Structures are given as structure tokens and as C-alpha cells.
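Beneath this line is the structure, given in C-alpha cells, with notes to follow.
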Amino acid sequence: MNDTLINLEATLFCGQTFAWTKEGNRYEAVLGGRHVIFEEQDFYALVTEDAMLSHYFDMEWEYDEAERVLSARDPHLAARIKQYRSIHILNQDPWEVLVSFLLSQNNNIKRIRSMYRSLSEAYGTEVAPGVFAFPRPSQLESVTEAEFRALGMGFRAPYLVSTIAQSELLESLNTLDYVSAKEQLIGIRGVGEKVASCILLFGYHHMEAFPLDTWMQKVMKKYYPTKDKTFFAPYAALAQQYLFHGERLGGRL
DNA sequence: GGCCAGGCCCCAG
DNA sequence: CTGGGGCATGGC
């Protein structure tokens, strides 16, 4: 792990998590009820001695090899990888990912982050002055649809209510394969193909996932009109993250 | 001040 | 099974 590289800025703000803030070179979030705050230059020392964070930041996966394989396969992707290396896929709490991406539909990343914070401040545990954890299912089980609407959740409010009632389903997904787990998730109201893919990728590290949102559909049409996710196998998810992030921030190279 | 956003549900053909 | 309208809200 000593020379494992990570692009913290891109990893934490490429749309896979909505939990982090950055001021100057200081990163801050609440992970597993724990207030995590560090300066960029202290990151590698921190993850070396902290197993929970090392796992969260996915410091042991084969990013070097994956970046090499993907770069060799396609010049556009190679340019994106060079531009943003090394984005990691975080190991997040499936519950937070499920709710975050429920909120994501017909929405923008800025406002998803704001809604994530609203839920935390309204129902989560305060772990430090003014710093709130994302609420656990038990903290939301008696919240009504009207209360979620009053908090600005809009048409997603009923999805939140029914999802909270089904949250225990997440426990059973660890042992399922990708296809079976996705079937289970799509059974939840408000969870479709795309959101289920995101949950399985960001919450369960299924690196064969390939979420196709509006940005990725543009990318596929523009650069890969005759291809699909199999072109990027077995690293489809990582390719997707670079292509998505690059398209959002950089536009055409 | 319209337009649009990491979609999904629902209903018509 | 495929296509397209509707949906709450706020950032731009």
C-alpha cells in the first residue's frame, strides 16, 4: 500500500459520494458515526494506520493494473485516466448509497449533496458541534411522507418512506451475485436499473457494474456508438467513472 | 425566469 | 416491450 496512489479530490467529488466537504486542503465527513477530518498531506499516514479508512478508500484493489489495461484499450479513456488518475471506487455504507441515489433521480449533484445534508441535520446524530451523521434507518422509520416533502425531498418522498420500511433487505445482498442482487434492489419502489447499478457499485464494490445515466449515454453515443460495457471488461465500473467524471467536468478533450 | 438535473413510474400503443 | 409525459425543487 506504500506507493498506492489516490486522487482524493476526484475520488470524493466525482459523484459517487455526497458526504464530503473540502475547505482548502482539509477534507471532512462522518463515516460510520465517526467524525473524519484530515489534511491532504496527512492522508497516506492516516490510512496506513487506520484499517477502517484503508478499506473505505479501497487502498488494496488493483488500480494500477486496471488503469494500465483500460489505457491500452482505448485512447479517449487513456486520456481521461491520465487527466484524473487515480480515482478509487469507495467502499461506502449500502444504506447511505441507497438513499443518496434514490435522491439522485432527475436531480443534479449539487442539490443531491444539499438534500443529503438536510436529511443528516434533521434526523442524524450530531457527532461534533454542527456536524451530523447520515441518519440510520431506525432514525427515519417514523418520518412521514409529508415531513419529507416539507424538507424538500419532492416527489421522492414516498420512495423514501417505502425504502426505509425495506431497509433490512440490504443485509441479504452481500452473498448474492450481481444479477440476483440487482433484481432484489429493483423490487424497491423508486429503484430502477441505473440506481441499482450505483448501489451495487458504490455499496458492494461490484466492479462489473456500468451505470448508464444521461451523461454516460452521451459518452457512449459520442465515443463508443458500437460498443457496450463488455468493451471495458473486467473493469467496466472504473472506465465508467472516468468517462462520467471527464464528461461532466472536462467536456470534449 | 425558464431550463434542466447521475430516473423512475405509469400508461398508451 | 417500447416510447414518452409527468414529476418537486432549487441552482444556474
Side-chain angles (χ1 to χ4, degrees), chain A residues 9-21 77 80 84 87-90 92-122 134 143-166 169 181-224 228-229 232 236-251:
Chain A
E9 165 87 27
T11 296
L12 296 177
F13 296 97
C14 67
Q16 61 174 319
T17 172
F18 309 97
W20 290 84
T21 59
L77 184 51
R80 290 306 192 201
Y84 296 112
I87 294 177
H88 283 204
I89 302 294
L90 302 167
Q92 301 182 66
D93 172 43
W95 164 247
E96 288 193 27
V97 178
L98 167 57
V99 176
S100 298
F101 283 89
L102 260 187
L103 301 179
S104 77
Q105 58 182 280
N106 204 32
N107 209 346
N108 60 71
I109 290 184
K110 191 106 176 186
R111 196 160 83 97
I112 300 167
R113 180 168 280 111
S114 151
M115 292 163 81
Y116 177 98
R117 192 173 56 246
S118 294
L119 285 175
S120 300
E121 291 176 358
F134 190 79
V143 181
T144 64
E145 176 181 333
E147 288 170 324
F148 281 130
R149 283 186 187 274
L151 201 59
M153 300 298 127
F155 67 88
R156 307 162 192 86
Y159 300 157
L160 287 171
V161 172
S162 58
T163 296
I164 289 157
Q166 289 185 267
L169 177 147
K182 186 182 279 188
E183 282 177 11
Q184 294 293 307
L185 285 169
I186 289 178
I188 298 175
R189 253 187 101 69
V191 176
E193 170 70 28
K194 189 269 172 183
V195 168
S197 300
C198 287
I199 297 166
L200 290 171
L201 175 54
F202 303 133
Y204 297 88
H205 215 267
H206 277 283
M207 296 297 273
E208 72 268 45
F210 197 66
L212 280 172
D213 72 306
T214 52
W215 292 96
M216 275 304 294
Q217 286 170 16
K218 281 184 222 164
V219 169
M220 294 306 286
K221 194 170 181 179
K222 184 154 58 165
Y223 299 102
Y224 309 99
D228 63 11
K229 68 180 268 187
F232 305 106
L238 196 63
Q240 176 274 149
Q241 205 57 37
Y242 278 102
L243 293 170
F244 169 80
H245 191 55
E247 194 67 14
R248 268 194 73 236
L249 265 54

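Predicted, not measured: the structure shown is a model, and the values here were computed from it. A note on names: the letters A, B, ... follow the listed sequences, proteins ahead of strands, and every chain is numbered from 1.
dG10(C) and dC9(B) have their C1' atoms separated by 23 Å, given to the nearest Å. Remark: the separation of the P atoms in dG3(C) and dG6(B) is 23 Å, to the nearest Å. Nucleotides dC7(C) and dC3(B), compared at atom C1', are 15 Å apart to the nearest Å.
One can place CD1 of Ile199(A) at 12 Å from C1' of dG6(B), the figure rounded to the nearest angstrom. Rounding to whole angstrom units, CD of residue Glu247(A) and P of dG6(B) are separated by 12 Å. A straight line from CZ of Arg248(A) to C1' of dA5(B) spans 10 Å, rounded to a whole angstrom. With rounding to whole Å, Phe18(A) atom CZ is found 15 Å from dA5(B) atom P.
Evaluation of atom-type donor-acceptor distances gives a pair under 3.5 Å for the side chain of Gln240(A) against the base of dG6(B). Gln241(A) contributes a side-chain N or O that forms a donor-acceptor pair with the base of dG6(B) under 3.5 Å.
Put simply, Phe101(A) does not rest on the base of dG6(B): the two rings are not both less than 5.5 Å apart at their centres and under 30° in tilt.
Side chain to side chain, Thr214(A) and Gln217(A) fail the donor-acceptor criterion of an N or O pair below 3.5 Å.
Comparing atom distances between the Val195(A) side chain and each of dA8(C), dG7(B), dG6(B) picks out dG7(B) as nearest. With distances taken from any side-chain atom of Phe244(A) to the nucleotides dT9(C), dC7(C), dG6(B), the minimum falls on dG6(B).
For the pair Lys110(A) and dC12(C), the criterion of a side-chain N or O lying under 4.0 Å from OP1 or OP2 is met. Side-chain N/O atoms of Ser114(A) include none lying less than 4.0 angstrom from OP1 or OP2 on dG10(C). Note on Arg189(A): every side-chain N or O is 4.0 Å or more away from OP1 and OP2 of dC9(B).
Note: Gln16(A) CD to Ile87(A) CD1 = 8.0 Å, rounded to the nearest 0.5 Å. Rounding to the nearest 0.5 Å gives a distance of 6.0 Å between NZ of Lys182(A) and CD1 of Ile186(A). The distance from atom CZ of Phe232(A) to atom CG of Leu77(A), rounded to the nearest 0.5 Å, is 6.0 Å. To the nearest 0.5 Å, atom CZ of residue Phe101(A) and atom OG of residue Ser197(A) are 10.5 Å apart.
Contacts of Gly15(A) with the nucleic acid, taken as non-hydrogen atoms under 4.0 Å apart, include base atoms. As judged by a 4.0 angstrom heavy-atom cut-off over every strand, Arg149(A) is placed among residues touching the sugar-phosphate backbone only. Base contact: Phe202(A) has a heavy atom under 4.0 Å from a base atom. In this structure, Tyr159(A) reaches the sugar-phosphate backbone alone: every heavy-atom distance under 4.0 Å involves primed, P, OP1 or OP2 atoms, never a base.
A side-chain donor-acceptor contact under 3.5 Å links Thr11(A) to the backbone of His88(A).
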Working for salt bridge (Lys or Arg N to Asp or Glu O under 4.0 Å), residues Glu208(A) and Lys229(A): CA-CA 8 Å; Glu208(A) 72 268 45; Lys229(A) 68 180 268 187; over 6 Å; no
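Ring geometry for Tyr159(A) versus Phe155(A): interplanar angle over 60°, hence perpendicular rather than tilted (30 to 60°).
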Dot-bracket summary - DNA chain B, pairs being Watson-Crick or G-U whose distances fall under 3.5 Å, with | when paired to another strand: .||||.|||||||
